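Since the model is a prediction, treat every value here as computed from it, not as a measurement. Every chain is numbered from 1 and lettered A, B, ... according to where its sequence line falls, protein lines coming before strand lines.
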Amino acid sequence: MQNEQMYIKESQEIYDAIVVGSGVAGGWAAKELCEKGQKTLMIERGRIVEHRKDYIGENKAPWQQEYRTRVDNLLLEQQYKIQQQCYAFKDATKHFFGNDRDLPYNTPKDKPFSWIRANQLGGKSLLWHRQSYRFSDYDFAANSLDGYGNDWPVRYQDIADWYSYVEKHAGISGNADNLPQLPNSDFLPPFEMNSPEKAIKAKLEALFPKRNLIMGRAAHLTKPTELHYSQGRVQCQARNECQAGCSFGAYFSTQSSTLPAAAKTGLLHIAPDSVVHSLIYDEQKNRVVGVRVIDNNDLSQREYFAKVVFLCASTLGSTQILLNSATKTQPKGLANSSGVLGHYLMDHNYNANAGGDVEGFEDEIDRGRRPTGILVPNFYYQPDAKRKFLRGYMLGGSAYRENWQSSQYQDGIGVDFKNKLKQAGKWKFGLYAMGEMLPRFENHVALHPTLKDKWGMPQLDIHCEYSENEKLMMEDAKEQMTVMLEAVGVTNISAKTSDKPPGLAIHEVGTARMGRDPKTSVLNSFNQSHNIPNLFVTDGASFCSTAPQNPSLSFMAFTARAVDYALKEQAAGRL
Amino acid sequence: MSHNQGDKSPQTHNKSRRDFLNKIGLLVGVGTATSLLGGNAISVAMAYTPQQDSTSKAGKLLSQAQLIQLKAICAQVIPKTETLGAAEVDVHGFIDNQLFHCHTTAEQQKVVTLLSNIDKESNAQYQHQFAALTATQQVELLTQIEMGGQSFKQQYRGDFKFLKSLICFGYYTSEVGASQELRYLAVPGGYKGSIPYKKSDADWGSMGLYY
């Protein structure tokens, strides 16, 4: 990053590799390619964001922010109508979200989908919630057991070592809980639980076999290793203002972790402000040879060339590029002989929550802002025909003391009122459900026949909705949360389901799925196109199912594994 | 009541940034750390800064008379104690600005209507506008309005709760409210699940405003 020649605009060079995108997947692809000696061009549609220097919202107290953390109505209305629905959209982070005015897409009126965008160097790796969980064989086998979607062409043993590999670099905090449905990572120490959480864990695990309450595993440096220090990263300071950017480099982002590693090789080049329009395909050789790009600012066109292309442009971004790369002989989109490109779009379903009061513990409080919570891993990981729905969910949550934000609603004014608000309030404990979403053909994206965005890119039509299965699962989550909260002694419980549209879990995956059979899948088990050998898609588009776990750690592992495979194939003369 | 452990030096205004500088300075050197923060100066300058004289003229939404009235309400809801109160830190001026920029017209109207209703009731009961009442009368009237009792409508209670939430937000996100009345940890340094707490300890002023 210190290298001024790293950023390029015009180039006729044939790079060893092009990586489209700079988020979690793109950063890993670039790092791996560079470290394996490949001269790599990372293409980013948005502006440059430099680590530390461009974290303009970082460490501003509320009174230092224009509207004390909130955002001007007019700006929201005109530019951030969709993005503002994201929990992390605040004054300190808004510049890391896409501008809805420039990023139109279409949905049927009765099927909203909230597409959260982060179009700048680093992408959503700057904004993510950092929860990091391995998938297990229960997840990889789920599609094959109930027939929804296609079978993942990988099993845990294929990816386990790659999880370890990326975890050591990224830094994942957590406890070795030894759970079959949630394999251990190579952990840094976990964050602490507070006392009510410890007490609830003890009661819950005693009363409910197979239901565990663990510390959320998160990509934070609780105890940095030498490797992390050498990256310029230090210990997490528990500010929990991560999405504004972290100059301590304490959470994994492209900027803090993969980009410096890639840059260190001297082989990384970055083309910022380059909106990829389509892939350039050589029909005779059946290879992609580069990408066509529209300049983000002046809308001029240019091309970049490489021997291998990694699409890491986000789930919907990568698929949009493939669809828009259709040729006369591949009219349904490039690498789409199967016809499933664009189909089987999924997100998680975060539509149930519950909480209540915790008695006692009044003589203690926690200190600092823990950037993760507790987790109840999926306890429905074994299929059971007696359940009303397929698959399962995890529960996230935390115990916390109420503060002025809730105690302000009590009656009274004056000195007594002020003094009450000065004190920490009651302990509360809350949970929310994170449900798996079934892969369904009808949930899909396609290019709009006529509407384009300002770069001339055909707009996406998104057809995606939760099915009855997902709704029944949230009803069950509400019931089970209530049962568990009652059992552990939480009082004044309120539990509800909500109706947030898909997209808002920001775990959209699928639309260019992996599979063993080229007739029913876009990519093989190494994220390589079945049709075009030197084309790889390693972001969420490649997923066959959501599993209940947050996907980013798997993006990392699959990407690193795909690069390793690509270079072996190249060495064997097959790319 | 114990004093907070917050920094009360004249530089308190920069406390959050100083903590950050000290910590990040260890990582990248103080010179670099300072220049990192340079880029933020412009946006900080745009933040609503408490004014001494926001009742000297009309605001963005409220008239001068309404601002004077709102200041009197602020003074009664969160009065001056060992720390300054809501009126002293210009929560009334902040509310005018915040309502104008960050709230719906319906919410703006709710406050305007409430202020008008408070004066109406004040005139009916005491033959004076609210701002001219004695402190005791003001407290009595606001308490009646909040409780929605007597001749008052239930709507007053809802509207007053809303105004009170604006006053609390304005106060506890101000520098005085967050870092002197409460304890503000800009850079906690790590997370501790449990430390001793007694009722005389001020709560954290740095929780729940982020994610």
Side-chain angles (χ1 to χ4, degrees), chain A residues 52-54 56 58-73 87-88 90 191-195 197-198 232 234-243 247-248 362-370 400-401 403-405 408-409 411 413-415 417-419 421-424, chain B residues 1 16-17 20 23-24 27-28 36 39-40 43-44 46-48 76-79 81 85 98 101-104 139 142-143 146-147 161 164-165 168-169 172-175 178-179 181-182 184-199 202-204 206-211:
Chain A
R52 302 191 176 114
K53 178 168 92 58
D54 291 327
I56 57 171
E58 186 182 11
N59 220 66
K60 281 157 69 178
W63 62 88
Q64 294 165 327
Q65 301 179 36
E66 193 172 6
Y67 305 112
R68 310 265 177 97
T69 72
R70 305 207 175 156
V71 180
D72 187 288
N73 269 340
Y87 69 94
K90 305 263 169 148
F191 282 95
E192 287 181 17
M193 286 187 192
N194 56 44
S195 296
E197 288 167 348
K198 285 181 192 164
V234 296
Q235 189 188 323
C236 175
Q237 303 292 312
R239 293 183 296 169
N240 196 24
E241 298 165 27
C242 318
Q243 289 95 335
S247 288
F248 297 98
E362 279 137 13
D363 56 354
E364 50 186 291
I365 194 166
D366 54 357
R367 185 188 188 284
R369 300 182 291 283
R370 189 180 59 193
Y400 57 93
R401 286 192 85 151
N403 62 21
W404 63 267
Q405 286 170 297
Q408 65 179 335
Y409 293 106
D411 290 335
I413 59 172
V415 174
F417 177 70
K418 186 180 179 185
N419 286 339
L421 267 59
K422 186 171 189 158
Q423 294 172 7
Chain B
M1 194 172 307
S16 148
R17 310 177 75 66
F20 177 66
K23 297 260 173 126
I24 201 74
L27 180 62
V28 297
L36 284 176
N40 297 351
S43 45
V44 170
M46 284 164 65
Y48 182 82
Q76 296 307 341
V77 172
I78 302 182
T81 52
Q98 191 82 352
H101 288 286
C102 299
H103 288 270
T104 61
V139 171
L142 292 180
T143 305
E146 176 166 44
M147 301 319 289
K161 290 283 186 198
K164 220 167 94 171
S165 75
C168 289
F169 184 79
Y172 293 103
T173 59
S174 74
E175 185 175 11
S179 73
E181 173 70 0
L182 305 177
Y184 192 86
L185 296 174
V187 186
Y191 178 76
K192 286 249 165 283
S194 175
I195 63 167
Y197 177 82
K198 47 189 191 309
K199 276 194 162 182
D203 195 6
W204 305 122
S206 42
M207 291 300 288
L209 287 165
Y210 299 96
Y211 316 102

### From CG (Leu421(A)) to CD (Glu181(B)), nearest 0.5 Å
8.5 Å
#### Entry: Contact origin within Phe191(A) toward chain B - heavy atom pairs under 4.5 Å
side chain
### Task
Look at Gly85(B), Ala178(B), Ser165(B) and state which one has the largest set of heavy-atom pairs under 4.5 Å with chain A.
Ser165(B)
#### Entry: Option in Thr143(B), Thr81(B), Ile78(B) with maximal non-hydrogen atom pairs under 4.5 Å from chain A
Thr81(B)
### Summary
Assert top hit (heavy-atom pairs under 4.5 Å, partner chain B, pool Lys198(A), Gln423(A), Glu197(A)) equals Gln423(A)
### Task
Dump the intermediate steps for side chain to side chain contact (heavy atoms under 4.5 Å, CB included) on Lys164(B) and Ile413(A), then the final yes or no.
CA-CA 9 Å; Lys164(B) 220 167 94 171; Ile413(A) 59 172; 4.2 Å; yes
### Task
Name the option with the most non-hydrogen atom pairs under 4.5 Å to chain B; the candidates are Met193(A), Glu362(A), Lys418(A).
Lys418(A)
### Nearest-0.5 Å distance, NE2 of residue His103(B) to CZ of residue Arg70(A)
6.0 Å
### Query
Top residue by heavy-atom pair count (under 4.5 Å) with chain B, among Glu364(A), Arg68(A), Glu192(A), Gln237(A)?
Arg68(A)
### Rounded distance [0.5 Å steps], CG in Asp411(A) versus CD in Glu146(B)
4.5 Å
### Task
Would you mind checking which part of Lys198(B) comes under 4.5 Å of any heavy atom in chain A, side chain (CB onward), backbone (N, CA, C, O), both or neither?
neither
### Task
Could you check if a side-chain atom of Phe169(B) sits within less than 4.5 angstrom of a side-chain atom of Pro62(A), using non-hydrogen atoms only?
no
### Task
Count the heavy-atom pairs under 4.5 Å between each of Ser195(A), Ala424(A), Cys236(A) and chain B, then report the option with the highest count.
Ala424(A)
### Message
For Gln408(A), which atoms come within 4.5 Å of any heavy atom of chain B: side chain, backbone, both, or neither?
### Response
both
#### Entry: Smallest separation among heavy atoms of Val415(A) and Pro79(B), with atom names
N-CG, 3.6 Å
### Query
How are the rings of His101(B) and Tyr67(A) set relative to one another: parallel (under 30°), tilted (30 to 60°) or perpendicular (over 60°)?
tilted
### Summary
Correct closest heavy-atom pair for Trp63(A) and Ser179(B) would be CH2-CB, 4.0 Å
### Task
Report the distance from atom CG of Asn403(A) to atom CG of Asp203(B), rounding to the nearest 0.5 Å.
5.5 Å
### Query
For the residue pair Asp366(A) and Gly193(B), what are the closest heavy atoms and their distance?
CB-O, 3.4 Å
### Task
Go through the structure and list residues passing side chain to side chain donor-acceptor pair (under 3.5 Å) with Ser174(B), not counting sequence neighbours.
none
### Task
Could you check Met207(B) against Tyr400(A) for side chain to side chain contact (heavy atoms under 4.5 Å, CB included), going step by step and ending with a plain yes or no?
CA-CA 10 Å; Met207(B) 291 300 288; Tyr400(A) 57 93; 5.9 Å; no
### Message
Ignoring hydrogens, what is the shortest heavy-atom contact between Tyr409(A) and Lys161(B)? Give both atom names and the distance.
### Response
O-NZ, 3.0 Å
### Message
Restricting to side chain to side chain donor-acceptor pair (under 3.5 Å), what partner residues turn up for Asp363(A), sequence neighbours left out?
### Response
none
#### Entry: Main-chain N/O of Ser194(B) paired with Asn194(A) side-chain donor or acceptor, under 3.5 Å
no
### Query
Checking Arg369(A) side chain against Pro188(B) main chain: does a donor-acceptor pair fall under 3.5 Å?
no
#### Entry: Nearest-0.5 Å distance, CG of residue Leu182(B) to NZ of residue Lys422(A)
7.5 Å
